[in-house]
Amino acid sequence: MKELHWRDILIRTILIITTVTIVVWSMPHDSRSYFHAEQGKPWKYADFTAPFDFPIYKSESVIREERDSAMKQYEPYYKYNQLVEQEMVQRFYRDYADGIPDLPAKFKGIISNRLHEIYQQGVIDQKDYAGLVSDTTSTIRIVNDKQATSISVVDVYSPKMAYEELFEDEELAAVRSILQKCDLNEYITPNLTYDRERSEASKNDLLAGIALASGVVQKGQKIIDRGDIVTEKTYRIIESFKKENELRNEDVKQNHLSLFGQILYVTILVLSFTIYLSLYRKDYFQKPRSTTMLYAMIIIFSVLTALFMRNTFVHVYLLPYAMVPIFIRVFMDSRTAFMTHITMVLICAVMLQHPFEFIVMETVAGLVAISSLRELSQRSQLFKTAIFVTVSCIAVNIAFDWIHSDGVTQIDYSYYNYLVANGIALLFAYPLLYIIEKTFGFTSDITLIELSNTNNELLRKMSEVAPGTFNHSIQVANLAGEIANKIGAKAQLVRTGALYHDIGKLSNPIYYTENQSGINPHEMLSDIESAQIIISHVTEGLKMADKYDLPSVIRYFIATHHGLGKAKYFYVHYHNEHPDEPVDDLLFTYPGPNPFTREQACLMMADTVEAASRSLPDYTEQSIRDLVERLIDGQVADGYFRECPITFRDIQYAKTVLIEKLKTIYHTRVNYPSEKKSV
């Protein structure tokens with residue numbers, strides 16, 4: 001027991017650490033504000049007061065306009081290189097030392113003078129010139145030695161423009177066709193180069209003079225009340241707060257403090273939830289699938305909430321949180337569904353800027369979902385639950401709007417679209433139930449209803465091969481279902497289990513009384529052989545259940561409907577035939593185990609009584625009552641129900657149901673009178 005105790009503690013500790021680690025890892029690790037404001041729309045959150053001093057930052061459009069205005073005064077710097085002119089002119093003279101072909105000698109001087117004039121104005125790289133024009137820069141500053149002179153962009157040339165400028169001279173224009181053969185553009189190259197250092201310094205000086213803020217909000221100053229319309233000024237203040245808050249969150253110490261707070265908060269909630277399970281639902285820890293599902297639901301919706309909060313364009317109310325209590329209510333119980341839902345909501349709420357409304361709304365949604373979905377056997381039930389949850393959430397939100405708004409006209413009704421979308425998303429719980437059922441190994445009422453359909457392959461085969469067993473199973477299903485309803489057990493589970501409890505008889509149907517028609521093959525067998533065949537319908541049933549992939553809960557009904565009882569007819573007969581020989585009880589004992597749930601106990605009582613009732617010589621109320629009392633009291637005395645949580649009160653109710661139902665089934669019909677013929 002001590003080893004088991006420490007093992008349980010270890011499992012719970014691992015669950016807590018894993019859940020806390022994943023949830024905290026997904027959460028925002030700062031105090032960043034994830035609310036979203038829209039100009040002209042009402043403020044949807046609680047009253048907002050400045051928690052600290054912060055500047056009112058100008059909008060991007062205003063800053064952009066001021067930047068554009070300042071940049072009109074910007075003059076990029078270019079360095080003037082005197083050596084370029086000298087090199088190009090000297091090169092020209094070298095190349096045409098013997099003169100220009102077909103032209104007089106004076107043209108060398110004319111071209112040289114034109115190049116001098118162009119280089120004195122300045123030549124800029126073609127790409128740089130195009131950039132200046134596209135940026136609408138009007139002037140540049142030319143640095144020559146230590147002097148900087150402003151000059152209009154139109155007064156300098158690009159290489160292409162400088163080449164055209166050569167032929168502005170009338171004499172050169174007249175002989176352009178001849179000069180084009182000289183490739184004069186080879187002697188035109190930029191002598192103005194961009195001075196990046198001076199230019200960037202000048203630009204930074206201009207931009208530094210632009211103020212990013214237009215005022216200051218003092219700590220404690222009221223910014224906006226819930227329901228107030230967000231004006232342009234208020235919107236700028238809210239956006240300024242968000243920006244300043246992000247800057248403050250760059251502080252490493254503050255981030256660490258926020259992280260430690262989140263770890264402590266989530267740990268307290270998950271630990272409290274684990275303590276609840278340990279005190280009131282400790283059996284779930286014996287079923288790994290149950291605990292895995294519970295903690296997985298908390299983790300999944302917490303992670304989804306964190307993702308939604310990081311995306312301001314997706315509202316958190318689009319998440320169908322009510323799915324969590326629906327799933328847990330269908331597969332487990334109402335109290336655990338509510339506790340899981342509350343734990344998950346409180347964890348998610350800490351990520352919101354104003355969590356109060358969220359907690360109230362989702363708590364109401366969870367309560368409505370649990371109370372409106374006591375069982376899920378029809379699709380319409382989930383549809384009704386989705387409607388009830390949506391209406392309740394809308395009602396709660398209207399209440400908050402009326403409390404905080406001065407008039408009906410100030411309410412933003414478009415906000416209710418999120419709640420309607422949430423209700424629609426809740427309908428996806430139906431297909432998701434199948435995924436959860438298969439993932440965690442549960443069996444829902446929907447699956448049980450599908451299995452109880454008599455057109456099912458296995459049941460149809462039973463009705464054809466072993467019709468007596470099939471009819472017996474239907475009668476037992478009806479009796480056991482009535483008992484379950486009376487004592488508050490799961491009736492649908494009992495009915496479905498009862499339909500399959502004898503499927504092992506399909507292997508040798510003729511060896512069972514209900515399928516015989518005058519021929520009894522046991523007459524040719526020994527008592528031990530007959531007992532082994534009768535007992536084998538349990539093991540054969542389990543094999544068949546594996547073959548047809550029946551849920552484990554149905555397999556338990558097959559294994560426990562006889563418990564560790566004996567094939568009494570052949571056991572007693574063998575004992576009477578061999579009074580002096582010791583009897584090996586194991587040869588006549590079913591493999592078991594005994595029932596360990598109330599539903600299995602219901603099936604055992606109904607199966608035993610229904611089978612024995614067929615052998616009654618007459619069906620009077622007293623004979624039926626004596627039969628029921630004797631058989632069930634015998635089961636209690638033999639200890640068949642020691643391992644299941646059924647009470648003496650439940651057993652007494654079961655007796656009453658069986659007596660009343662058998663009286664109805666075997667009632668004596670009235671003889672119809674024959675018609676007298678007239679003479």
Side-chain angles (χ1 to χ4, degrees), residues 467-489 491 494-495 497-499 501-502 505 512-518 520 522 531 534 557 560-576 588 590 594-595 598-642 644 646-674:
T469 300
F470 178 74
N471 290 328
H472 163 70
S473 298
I474 292 178
Q475 291 286 4
V476 172
N478 292 332
L479 292 173
E482 289 296 328
I483 297 173
N485 278 327
K486 186 68 175 178
I487 68 174
V494 174
R495 289 192 181 96
L499 289 175
H501 78 286
D502 272 346
K505 293 181 179 180
Y512 301 92
T513 306
E514 66 267 21
N515 299 313
Q516 295 172 0
S517 56
N520 187 355
H522 288 289
I534 296 299
F557 282 103
T560 62
H561 74 277
H562 284 294
L564 292 171
K566 294 181 175 61
K568 283 194 174 181
Y569 177 86
F570 298 105
Y571 175 75
V572 173
H573 188 270
Y574 181 86
H575 193 275
N576 291 337
F588 298 91
Y590 286 95
N594 286 327
R598 300 167 75 202
E599 289 76 16
Q600 294 165 11
C602 292
L603 174 60
M604 173 178 276
M605 289 186 284
D607 179 44
T608 302
V609 170
E610 200 283 333
S613 66
R614 296 173 181 268
S615 62
L616 284 175
D618 59 334
Y619 296 103
T620 63
E621 179 177 351
Q622 189 59 44
S623 65
I624 292 174
R625 183 180 300 278
D626 291 342
L627 175 71
V628 171
E629 293 282 354
R630 176 172 55 82
L631 292 177
I632 295 182
D633 286 346
Q635 290 176 337
V636 173
D638 291 338
Y640 290 155
F641 305 137
R642 289 176 184 171
C644 67
I646 195 168
T647 65
F648 285 112
R649 183 182 183 186
D650 294 337
I651 294 173
Q652 191 58 45
Y653 278 142
K655 291 180 181 179
T656 303
V657 169
L658 289 171
I659 292 170
E660 294 301 321
K661 289 299 175 182
L662 289 177
K663 283 166 54 180
T664 304
I665 293 172
Y666 296 117
H667 71 281
T668 304
R669 287 184 175 273
V670 177
N671 291 327
Y672 287 90
S674 58

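Heavy-atom basis, side chains included; hydrogens, waters and symmetry copies ignored. Just so you know, these numbers come straight off a predicted model, no measurement behind them.
Aromatic ring orientation, His522 versus Phe570: tilted (interplanar angle from 30° to 60°). A parallel orientation is assigned to the rings of His573 and Tyr569, their planes being inclined by less than 30° (bins at 30° and 60°).
When all heavy atoms of Leu479 and Leu662 are compared, the pair lying nearest together is CD1-CD2, 4.4 Å. Ala531 approaches Phe588 most closely through the heavy-atom pair CB-CD2, 3.4 Å. Smallest separation of non-hydrogen atoms from Ala491 and Ala484: CA-CB, 3.7 Å. Nearest heavy atom pair, residue Leu564 against residue Asn594, reads N-OD1, 2.8 Å. Here the closest non-hydrogen pair linking Ala477 and Ala498 is CA-CB, 3.4 Å. Between Gly488 and Arg598 the shortest heavy-atom distance is O-NH1, 3.8 Å.
Around CZ of Arg614, the count of heavy atoms belonging to other residues, nucleotides or ligands within 6.0 Å exceeds 12. The environment of Lys661 atom NZ is sparse: at most 12 non-hydrogen atoms of other residues, nucleotides or ligands sit within 6.0 angstrom.
Side-chain contact between Arg649 and Ile487 is absent, with no heavy atoms from C-beta onward closer than 4.5 Å. Val636 places a side-chain heavy atom less than 4.5 Å from the side chain of Ile651. Asn478 is not listed as a side-chain neighbour of Glu610, based on a closest heavy-atom distance of 4.5 Å or more. Contact of the Glu660 side chain with the Glu482 side chain is not registered, since no non-hydrogen atoms from C-beta on lie closer than 4.5 Å. Between His501 and Gln600, the closest side-chain pair of non-hydrogen atoms is not below 4.5 Å. The side-chain heavy atoms of Asp502 and Val476, taken from C-beta on, include no pair separated by under 4.5 Å. Side chains of Val609 and Lys655 form no contact here, defined as non-hydrogen atoms less than 4.5 Å apart. Between His562 and Ile534, every side-chain heavy-atom pair lies at or beyond the 4.5 Å cut-off.
Once rounded to the nearest 0.5 Å, the distance linking CG of Leu627 with CG of Leu658 reads 9.5 Å. Once rounded to the nearest 0.5 Å, the distance linking OG of Ser473 with NE2 of His561 reads 9.0 Å. Between atom CG of residue Leu631 and atom CG of residue Asp607 there is a gap of 11.0 Å, rounded to the nearest 0.5 Å. Between the NZ atom of Lys486 and the OG1 atom of Thr656 there is a distance of 7.5 Å, given to the nearest 0.5 Å. Residue Thr560 holds its OG1 atom at 10.5 Å from CD of Glu599, rounded to the nearest 0.5 Å. Here Phe641 contributes atom CZ and Ile632 contributes atom CD1; the two are 7.0 Å apart, rounded to the nearest 0.5 Å.
Here Glu629 does not pair with Arg625 in a salt bridge; the nearest charged N to carboxylate O distance is not below 4.0 Å.
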Inset, instruction - Apply the test side chain to side chain contact (heavy atoms under 4.5 Å, CB included) to residues Val657 and Met605: give CA-CA distance (whole Å), side-chain angles for both, the deciding distance (0.1 Å), then the verdict. - result: CA-CA 11 Å; Val657 169; Met605 289 186 284; over 6 Å; no
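In this model, a donor atom of one side chain and an acceptor atom of the other lie less than 3.5 Å apart for Asp650 and Thr647.
With hydrogens and angles disregarded, a donor-acceptor distance shorter than 3.5 Å links the side chain of Tyr619 to the backbone of Ser613.
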